[in-house]
S.K.: 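Before I ask anything, here is the structure I am working with.
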Amino acid sequence: MKVSDSRVLLTGANGGIGQAVATALAGAGASVMLAGRSPARLSALARTLQQRHPDSPVDWREVELDQAASIAALANHAAAWNCNVIVHCAGVAEFGHFEATGVDRISQVLHTNLLAPMVLTQSLLPHLRTLPRAQVICVGSVLGAIGLPGFSVYCASKFGLRGFAQALRRELSSTPVRVQYLGPRSTRTAFNSAAVNHYNQATGTAMDPPEQVATALLDMLESGAAERFLGFPEKFAARLNGTVPTWLDGAFDKHRASLPTRPDQPDPSTPSTIQEIPHAH
Ligand SMILES: NC(=O)c1ccc[n+]([C@@H]2O[C@H](COP(=O)([O-])OP(=O)(O)OC[C@H]3O[C@@H](n4cnc5c(N)ncnc54)[C@H](OP(=O)(O)O)[C@@H]3O)[C@@H](O)[C@H]2O)c1
């Protein structure tokens, strides 16, 4: 679809990638409905974009994706606004040892990154099906195609999102609705904690600016491409991992060694209690 013909419901609009996508969409003439949790930040972003691009209508709507009623209200509002594209960009990060991740946190990550985009898509499908053309773009991650040590919960959510996008694309292939999956690699936003930035540095993982992800997303909107990953080594690793995953099993020693210290293990950088006890003579 031409970007200028698109009426995009964008979740996670206040986030680093979300803001870059909103800016690129408005700059290219799309109509945009910014969805997020902070009305103050949403309205400020909408105002700025509207001033810069008066020909691109920008509206906003508050949503809490952890609440079914809030998702339903957003879907109703977006259908009445005649949305023809959903960009699922909201997401939460999770990094660290799996054993140290509580069940509540696992549930929250799966809910926000996987269940919420599924439910929002389902709620809007009756409307999208009535249009001549509609698109659903899931912002996943390259970690939806490669399992990395320290990211088991996050990978589960993004592998799930990618499976959802692939299956639904095939299920809807005879309808006007096209389902797509974009897999950015690590991106410079507040999403990544200091521990993740340290892990990226230690493992030589490249990071892209959010504007690069936005450019790729607009390309996907125009081209209708089914799936796209960002970054050369990541693209190749995603393909290889999809074909012969066990070949890569031995390639992550550096990643494992760069994980934060497990809470049940002593930090090697601090002296142990035994060393601190002075010798008694
Ligand atoms: N940054 C990366 O390295 C990277 C790499 C690959 C893929 N991604 C994916 O790209 C997407 C955007 O990431 P980002 O870097 O822009 O992260 P970000 O700056 O942390 O933004 C995430 C956005 O999601 C929103 N959100 C989280 N939970 C929500 C909930 N329950 N209800 C409503 N909104 C919620 C946040 O809202 P608030 O502003 O209210 O907190 C925030 O605006 C995510 O899906 C992420 O998984 C990121």
Side-chain angles (χ1 to χ4, degrees), residues 1-65 70-91 116-117 119-139 165 168-169 172 175-182 184 210-225 228:
M1 173 183 315
K2 278 170 69 180
V3 177
S4 54
D5 291 339
S6 63
R7 296 179 62 78
V8 183
L9 170 62
L10 171 66
T11 71
N14 279 330
I17 293 176
Q19 286 189 39
V21 169
T23 304
L25 285 169
S31 302
V32 192
M33 169 77 60
L34 310 169
R37 287 187 291 198
S38 162
R41 288 170 57 206
L42 289 169
S43 58
L45 178 60
R47 219 173 17 253
T48 304
L49 294 178
Q50 200 60 96
Q51 278 163 3
R52 267 193 236 157
H53 309 288
D55 295 336
S56 303
V58 181
D59 207 341
W60 62 272
R61 179 85 181 182
E62 186 178 359
V63 68
E64 172 48 77
L65 292 169
S70 187
I71 296 180
L74 177 67
N76 283 337
H77 186 75
W81 180 75
N82 204 20
C83 141
N84 59 8
V85 177
I86 315 175
V87 175
H88 295 294
C89 195
V119 173
L120 181 57
T121 302
Q122 192 181 53
S123 311
L124 268 164
L125 268 180
H127 163 71
L128 297 179
R129 276 173 173 281
T130 65
L131 305 174
R133 179 118 199 239
Q135 285 169 246
V136 177
I137 305 181
C138 299
V139 179
L168 191 63
R169 176 169 56 254
L172 298 178
T175 77
V177 186
R178 177 86 174 148
V179 185
Q180 300 162 270
Y181 179 90
L182 175 63
E211 291 73 21
Q212 205 158 318
V213 180
T215 302
L217 193 139
L218 263 67
D219 283 351
M220 280 190 94
L221 180 54
E222 292 255 355
S223 68
R228 174 150 180 220

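Residue numbers run from 1 in the order of the sequence given. These values consider heavy atoms only, across backbone and side chains, with no hydrogens, waters or symmetry-generated copies.
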S.K.: Using every non-hydrogen atom in the two residues, find where G18 and C89 come nearest and quote the distance to one decimal.
M.R.: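 For G18 versus C89, the nearest heavy atoms are N-SG, 3.9 Å.
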S.K.: Counting only heavy atoms not in Q122 (residues, nucleotides, ligands), do more than 12 fall under 6.0 Å from its CD?
M.R.: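 No - once you tally the heavy atoms of other residues, nucleotides and ligands closer than 6.0 Å, there are 12 at most.
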S.K.: So, taking the atom named OG1 in T130 and the one named CG in N82, what distance separates them when rounded to the nearest 0.5 Å?
M.R.: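 CG of N82 is found 7.5 Å from OG1 of T130.
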S.K.: What do the steps show when you test H88 against T121 for side chain to side chain contact (heavy atoms under 4.5 Å, CB included), and what is the final call?
M.R.: CA-CA 9 Å; H88 295 294; T121 302; 2.8 Å; yes
S.K.: Check whether any side-chain heavy atom of N84 sits under 4.5 Å from a side-chain heavy atom of S6, and report yes or no.
M.R.: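 Answer yes - side chains close enough.
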S.K.: Would you call T175 and L125 a side-chain contact if the rule is heavy atoms closer than 4.5 Å?
M.R.: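 Counting from C-beta outward, T175 and L125 never come under 4.5 Å.
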S.K.: V3 and L25: which non-hydrogen atoms are nearest, and at how many Å?
M.R.: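 Result for this residue pair: CG1-CD2, 4.1 Å.
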S.K.: Specify the closest pair of heavy atoms between Q19 and R41, including all atoms of both residues, with the distance to one decimal.
M.R.: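 Closest approach of Q19 to R41: NE2-NH2, 4.3 Å.
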S.K.: Under 4.5 Å between any side-chain heavy atoms of L49 and V32, yes or no?
M.R.: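 Of all side-chain heavy-atom pairs linking V32 with L49, none is under 4.5 Å.
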S.K.: Evaluate the side-chain proximity of V136 to L124: yes if any heavy-atom separation is below 4.5 Å, no if none is.
M.R.: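 Not in contact.
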S.K.: Hey, what do you get for OG (S43) to CD (E62), rounding to the nearest 0.5 Å?
M.R.: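 Answer rounded to 0.5 Å: 10.5 Å.
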S.K.: Between S56 and G29, which heavy-atom pair has the shortest distance, and what is it?
M.R.: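 That would be OG-CA, 3.3 Å.
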S.K.: What distance separates K2 NZ from L221 CG, expressed to the nearest 0.5 Å?
M.R.: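 Rounded to the nearest 0.5 Å, the NZ-CG separation comes out at 12.0 Å.
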S.K.: With a 4.5 Å heavy-atom cut-off, do V8 and V21 have their side chains touching?
M.R.: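 Heavy-atom side-chain distance check fails, nothing below 4.5 Å.
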S.K.: For the residue pair L9 and R61, establish whether any side-chain heavy-atom pair is separated by less than 4.5 Å.
M.R.: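 Of all side-chain heavy-atom pairs linking R61 with L9, none is under 4.5 Å.
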S.K.: Should R178 and R169 be marked as a side chain to side chain contact (heavy atoms under 4.5 Å, CB included) after you check the CA-CA gap, both sets of side-chain angles, and the distance that decides it?
M.R.: CA-CA 6 Å; R178 177 86 174 148; R169 176 169 56 254; 3.6 Å; yes
S.K.: Can you tell me how far apart CD1 (I137) and CG (L217) are? Round to the nearest 0.5 Å.
M.R.: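 So the CD1 of I137 and the CG of L217 are separated by 4.5 Å.
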S.K.: Could you give me the CA-CA distance, side-chain angles and deciding distance for R52 and T23, then say whether side chain to side chain contact (heavy atoms under 4.5 Å, CB included) is met?
M.R.: CA-CA 9 Å; R52 267 193 236 157; T23 304; 3.8 Å; yes
S.K.: Please report the shortest heavy-atom distance between L182 and A216, naming the atom on each side.
M.R.: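 Nearest pair, atom of L182 first, then A216: CD1-CB, 4.2 Å.
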S.K.: For L131, which of Q135, H127, R133 qualifies under side-chain contact (heavy atoms from CB on, under 4.5 Å)?
M.R.: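 Of the listed options, the one satisfying the test is H127.
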S.K.: Answer whether the closest heavy-atom distance between the side chains of L172 and R129 falls below 4.5 Å.
M.R.: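 Heavy-atom side-chain distance check passes, below 4.5 Å.
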S.K.: To check you understand the geometry: which heavy-atom pair defines the closest contact between M220 and Q180, and what is its length?
M.R.: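 Shortest heavy-atom contact: O-NE2, 2.8 Å.
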S.K.: Mind checking the CG-SG spacing from D59 to C83? Nearest 0.5 Å is all I need.
M.R.: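 Spacing of CG (D59) from SG (C83) equals 12.5 Å.
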S.K.: Measure the shortest side-chain to side-chain distance between V119 and S123 over non-hydrogen atoms and say whether it is less than 4.5 angstrom.
M.R.: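 Yes, side chains in contact.
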S.K.: So, the side chain of R7 versus the backbone of W81: is there a donor-acceptor pair under 3.5 Å, distance only?
M.R.: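 Yes.
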